[in-house]
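The structure that follows is given in the form of structure tokens.
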Amino acid sequence: MNDQRPATTGAGTTPTTAPVAPDHGSAARLLADRARLTPDRPLLGQRNGDTWSTIPASDVLARVRGIAKGFVAAGLEPGAHVAILSRTRLEWTLVDFAIWTAGLVSVPVYETSSPDQVQWILGDSESVAIVVEQEEHARRVAGIAEALPHLGQHWTIDGGGLDDLVRLGEDVSDADLDARTASVHGHDDATIIYTSGTTGRPKGCVLRHDNFTATVEGSTEAMSEIIAGDASTLLFIPMAHVFARFIAVMSISAGTLVGHEPDTKDLMRAVATFRPTFLLAVPRVFEKIYNSAEQKADLGGRGRVFRAAADTAVAHSEAVAAGRVPLLLALRYRLFDRLVYCKLRDAIGGRVQYAISGSAPLSPRLSHFFRSIGVLILEGYGLTETTAPATVNRAAELRIGTVGRALPGVEVRIADDDEILIRGVDVFDRYWQNPEATAKAFADGWFRTGDLGRLDGDGVLTVTGRAKELIVTASGKNVAPAPLEDRIREHPLVGQVVVVGEGKPFVAALVTLDRDMLPGWCQARGITPALSAHEAAYDERVHAAVQEAIDAGNAHVSRAESVRSFTIIDTELTEASGHLTPKLTIKRNVVMRDFAADVEHIYSGSKVQTTATPVVAGRRRR
């Protein structure tokens, strides 16, 4: 690699070698230190209907140590791999820290994983035990147990399994447990996280204890405003994903109150009752919040007012970024703050000041909108291989449309082909039992992210696309699909968008409808009875609405990059269908395989496929 462009770090310098983190031992010490410093500080929230109780740091540590002693008493040897299969809940965090406290290595498994996926992860990781959430999960594991002779014991959370572990470990002394924890060094394996697998089998990404401790240290410095004082957060994205898990670890280290919500359908009620000060989510969550608010306004006959308020919010944020807010805009903003924005703040608990967004690009319009209603969305960038964050926007220097500067201890550089390269305290150790993949992941000591980007003079990173997802049309035009898809997906009626056009004469898109938003959309437009999802896929009014979404997206790209045709797929792209990863990322290769006929039909020359005539544009063939 002959890249001569300088690297940038969280400190804005250009060192020739990556910083070396001191050996802080096991990441379990982050909880132990917090309990020692502030034993009475509320650390975990426990939901009981619409009320929440809190568990102080000392009690959290006691529960974790009790479970850890159970693992020791169960005969699990130091370094053994223990899997966790559960939704996001308080016990997930307890078990995670207990595994580390007992000197073991955790292997998260998405609870939505198929039996084949569970078998692959448990088999490849050589897990010797597993903690599951429900009896259904236990049955799923039992069904593949014959193929996993090394998998011995399992405990079910809802079946009292954690209580069983605590009783089992009653004879394990504090000294014996402390010796297990103390024997762990920072360079030892902490966890094996299997990537979502947008292509092929997921790889086991091995993160060390010092990946967590050092990255927590840098992130705590970079996000000090967010976790200061009586900060609190509600976790609802899967804990099996490194994003939520890292935030849980950082929050516990900082003394930030953490709540867990396993059911995203109940999210808004949980947010309203827990009243967090910051949230973390993928962009789709923010899109849903906005679209739901707009639809509610439409149904109440206030749709025009809401859209005027939204336009004002965006214009106000853009003016703030430019350094001057005109008087008339400021007055309009204050009016809508009393009429509209305050109600949106109340809907998300009334205390949320910050949100951390990752996993995919967030629309700049949404970022501006939320900033004006009082919620700073701080986009960051990272992968499983970088222990979640590598860069993040700081609250004091938010630059919408970017993912901020590198964290302390992390360096970022751009290769000659625009690939983002990273090295530092957050970069993973290796792929589990996969030296070939590990070797391909590095170049001259730098981790090759596979993403494309650019750095400005201040070291602020902008992600411009993913190398493997770039579409090259027949004319040789390179098109990054994600930004265009994000713009189109802002429309409340649009569920998912997959931009296509590899080797084709123009860019097109496969579109699905948001079935949750469809009934309200119909009601607001007097369409009764409401269209079914199947009927909507062929309805000219729906196609006209999707055309509006396409036009809005096209307004932000060149003619060569714009979507010239689309088709509505009469189905949903979901994790269950195999088309989305657990973090809601499109599996493009699977979509292209399963809907190859639809793509070919777009380019067949059929007149109803062109967006030149909006009413019939993209009509799905029957």
Side-chain angles (χ1 to χ4, degrees), residues 28 30-67 84 86-98 100-101 108 111 131 133-134 157-158 162-163 166 216 219-220 223 225-241 243-281 285 289 345-356 375:
L30 298 173
L31 169 59
D33 287 351
R34 174 48 52 194
R36 175 176 52 81
L37 291 170
T38 56
D40 298 325
R41 189 180 184 92
L43 207 56
L44 293 180
Q46 189 159 20
R47 185 178 178 184
N48 305 292
D50 282 340
T51 63
W52 293 79
S53 57
T54 59
I55 307 172
S58 58
D59 287 359
V60 173
L61 180 60
R63 292 191 188 190
V64 163
R65 288 178 64 85
I67 298 168
I84 310 174
S86 170
R87 295 179 300 167
T88 295
R89 54 187 289 172
L90 180 150
E91 290 84 357
W92 209 110
T93 295
L94 295 178
V95 171
D96 197 24
F97 272 94
W100 287 343
T101 302
E111 60 91 19
V131 176
E133 179 185 8
Q134 306 167 354
I157 295 172
D158 286 346
L162 300 189
D163 293 333
V166 172
V216 161
S219 297
T220 300
M223 295 186 278
E225 302 99 325
I226 300 173
I227 56 179
D230 63 346
S232 59
T233 189
L234 182 69
L235 301 177
F236 53 88
I237 63 178
M239 292 291 291
H241 187 263
F243 184 26
R245 189 167 172 212
F246 177 80
I247 293 296
V249 173
M250 182 184 72
S251 296
I252 283 176
S253 174
T256 297
L257 179 64
V258 179
H260 299 75
E261 174 51 55
D263 187 357
T264 54
K265 293 181 180 178
D266 205 24
L267 176 59
M268 295 311 293
R269 186 165 70 125
V271 169
T273 55
F274 187 74
R275 303 187 69 228
T277 61
F278 76 93
L279 293 171
L280 68 150
V285 171
I289 292 173
R345 290 193 294 270
D346 289 342
I348 54 177
R351 298 179 69 228
V352 176
Q353 295 177 291
Y354 303 102
I356 304 170
V375 180

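Start at 1 with the first residue, then count along the sequence. Everything quoted here is computed from the prediction, not taken from an experiment.
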Pairing residues for E111 by the side chain to side chain contact (heavy atoms under 4.5 Å, CB included) criterion, not counting sequence neighbours: L85, R87, H137
Expected output: side-chain T101 to main-chain R65 donor-acceptor under 3.5 Å: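 Not at all, since once roles are kept as given, no pair shorter than 3.5 Å links the two residues.
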Pairwise ring-ring contact (aromatic ring centres under 6.0 Å, His included) hits with a residue in residues 245-268, at least two apart: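 Checked against ring-ring contact (aromatic ring centres under 6.0 Å, His included) - neighbours excluded - no pair reaches residues 245-268.
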Which residues share a ring pair (Phe, Tyr, Trp, His ring centres under 6.0 Å) with F97, sequence neighbours left out: W100
Any pair counted as ring-ring contact (aromatic ring centres under 6.0 Å, His included), so long as it reaches residues 34-57, sequence neighbours left out: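 Sorted result for residues 34-57: W52-F274.
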Spacing of T264 atom OG1 and I237 atom CD1 [to the nearest 0.5 Å]: 11.5 Å
CE-OG1 distance between M250 and T220, expressed to the nearest 0.5 angstrom: 5.5 Å
Beyond-backbone contact of L43 with L61, side-chain heavy atoms, under 4.5 angstrom: no
Non-hydrogen side-chain atoms of L44 and L94 separated by less than 4.5 Å: yes
Nearest-0.5 Å distance that lies between atom CG in L235 and atom NE2 in H241: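 These two atoms lie 13.0 Å from each other.
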Contacts of type side chain to side chain contact (heavy atoms under 4.5 Å, CB included), residue D163, not counting sequence neighbours: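 Side chain to side chain contact (heavy atoms under 4.5 Å, CB included) check on D163 returns R167.
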Closest approach of L279 to P276 (non-hydrogen atoms, all atoms of both residues): CD2-CG, 3.7 Å
Reported CD1-to-CD distance for the pair I226 and Q353, which is rounded to 0.5 angstrom: 10.0 Å
Residue list, salt bridge (charged side-chain N to carboxylate O under 4.0 Å, His left out) with R63, at least two apart or on another chain: none
Inter-residue atom distance I252.CD1 - D33.CG, 0.5 Å rounding: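 The distance works out to 12.5 Å.
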Among E261, E133, Q46, the one residue meeting side chain to side chain donor-acceptor pair (under 3.5 Å) with R89: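 It is E133, the one option of E261, E133, Q46 that forms the side chain to side chain donor-acceptor pair (under 3.5 Å) with R89.
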Minimum side-chain heavy-atom gap M223-I356 below 4.5 Å: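 With C-beta onward as the side chain, the pair touches.
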4.5 Å side-chain heavy-atom contact, R245 and P108: yes
Pair R47 + D263: basic N to acidic O under 4.0 Å: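 A salt bridge is absent here (no side-chain N lies under 4.0 Å from a carboxylate O).
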Pairwise distance CZ(F236) to CG(L280) - rounded to 0.5 angstrom: 6.5 Å
